[in-house]
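Data block below; observations after.
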Number of protein chains: 2
Amino acid sequence: MVERGKAASMFQGEFTNNMDEKGRVNIPAPFRDALQKSYNEGTLIVARDAQSPCLRAYPLREWNRLLAKLGAMPANDRVVLAFKRAVVSSALEYQPDKQGRILIPQTLRNHAGILKSTVFAGLNDTFEIWDALAWEKQLASSLALLQDQDLSF
Amino acid sequence: MVERGKAASMFQGEFTNNMDEKGRVNIPAPFRDALQKSYNEGTLIVARDAQSPCLRAYPLREWNRLLAKLGAMPANDRVVLAFKRAVVSSALEYQPDKQGRILIPQTLRNHAGILKSTVFAGLNDTFEIWDALAWEKQLASSLALLQDQDLSF
DNA sequence: GCGGTTAGTGGGTAAAAGTGGGTAATTTAG
DNA sequence: CTAAATTACCCACTTTTACCCACTAACCGC
């Protein structure tokens, strides 16, 4: 079993790719496969994450579920409005090119502080896109948080 | 390599294998057998352990149970998110083949501090993967902890 | 111990993933 | 409406990984 490990049915695994000078990054092949296999789509929504300095990528189906939930909430609630402004307004729809890359605009890059080395982290039904350095830091603090936890799973 | 036992029904025993320069390590044969016999699968998920500097390997069935539990919890809970970022994002799926090896990427190697000599420790329904030196230390402290304990089993 | 058999290790080579860059098409600005 | 800028698309190159083979070491029955 000399394989690197394909990401399973959904988004799993951590991959680092470089953004080139044009602002393009390669979506890791396992994630592209997962999109096809589990969702039968090629479409990807990328938007600001609401609570962390990273981007979040959704298969169309997951994105629509999120929108549906939002729609069911009072439209002028302060939090809902803030979420729409921060997240929904930033959402872009991608169809990765033949090389599997997407072009991330400057505004989104800024939010995640992405310079060049970019981490893709699978969280099962979505995946996150981080600047490599920022990812390392948050990973360390995630592990620290878990350390004191009485995990029931 | 340490002693080779008979294939136990589940994951049991401690085995030491060497990682080669390409980053490949052999999964001990008894564990591969156990996967087949007890789970009727060939699929193995390897991920960071949440609380110790080691990796944890799950049969697909066990991994899915974990994901199911996770899915039932509030997705934005801090601990749940941290767990997803630390563990789920690191999960890789491996399909056994003739040689029985897996390629462990650098990020996972780092988390477990694996250099070359690698210990596989069976914990019944999962098994752990340690750097040999780290394993010895944790073993000593596990035994020390048990020393003062009033064991009810 | 002795040979047969299975587990573990090392390495070469197709193939696939990732990267860089040029040109055509599209959009934006003047 | 035209020119500049941006984006999409395509091709070629580099690096990494998967797969295969062969070799060595350990185990098992005799």
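Lettering of chains follows the sequences in order, A, B, ..., and the numbering in each one begins at 1.
- K22(B) comes within 4.0 angstrom of a nucleotide base, judged by non-hydrogen atoms across all strands.
- Considering only side-chain N and O atoms, N26(A) lies nowhere under 4.0 angstrom from the phosphate OP1 or OP2 of dT19(C).
- Here the C1' atom of nucleotide dG20(C) and the CE atom of M19(A) are 15 Å apart, to the nearest Å.
- Residue N17(A) places its side chain closer to dG18(C) than to any other of dG18(C), dG20(C), dG10(C).
- Atom CZ of F120(A) is separated from atom C1' of dA17(C) by 13 Å (rounded to the nearest Å).
- Spacing between atom CG of D20(B) and atom P of dG12(C) amounts to 13 Å, rounded to whole angstrom units.
- As a whole-Å value, the separation of I104(B) CD1 from dT17(D) C1' is 15 Å.
- Protein atom NZ of K98(A) is 11 Å distant from nucleotide atom C1' of dC11(D), rounded to whole Å.
- A side-chain donor-acceptor contact under 3.5 Å links Q95(B) and T43(B).
- Atom CZ in F15(A) sits about 15 Å away from atom P in dT16(D), given to the nearest Å.
- With contacts defined as side-chain heavy-atom distances shorter than 4.5 Å, the pair Y39(B)/M10(B) qualifies.
- Each of L103(A) and Q99(A) was matched to the nucleotide of DNA chain D holding its nearest heavy atom; the match closer to the 5' end belongs to L103(A).
- A donor-acceptor contact under 3.5 Å is not formed by the side chain of R24(B) with the base of dG8(C).
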_From CA spacing to verdict: side chain to side chain donor-acceptor pair (under 3.5 Å), R32(A), N26(A)_ = CA-CA 10 Å; R32(A) 278 180 267 143; N26(A) 204 312; 3.0 Å; yes

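- Residue R32(B) places at least one side-chain N or O closer than 4.0 Å to OP1 or OP2 of dG8(C).
- Ring orientation note: the planes of F127(B) and F31(B) are tilted relative to one another, at an angle of 30° to 60°.
- E21(B) has its CD atom 12 Å from the P atom of dG12(C), to the nearest Å.
- Residue I27(A) is classed as a sugar-phosphate contact, given heavy-atom separations below 4.0 Å to backbone atoms only.
- With contacts defined as side-chain heavy-atom distances shorter than 4.5 Å, the pair F120(A)/V25(A) qualifies.
- In this structure, N18(B) places its CG atom 17 Å from P of dT24(D), rounding to the nearest Å.
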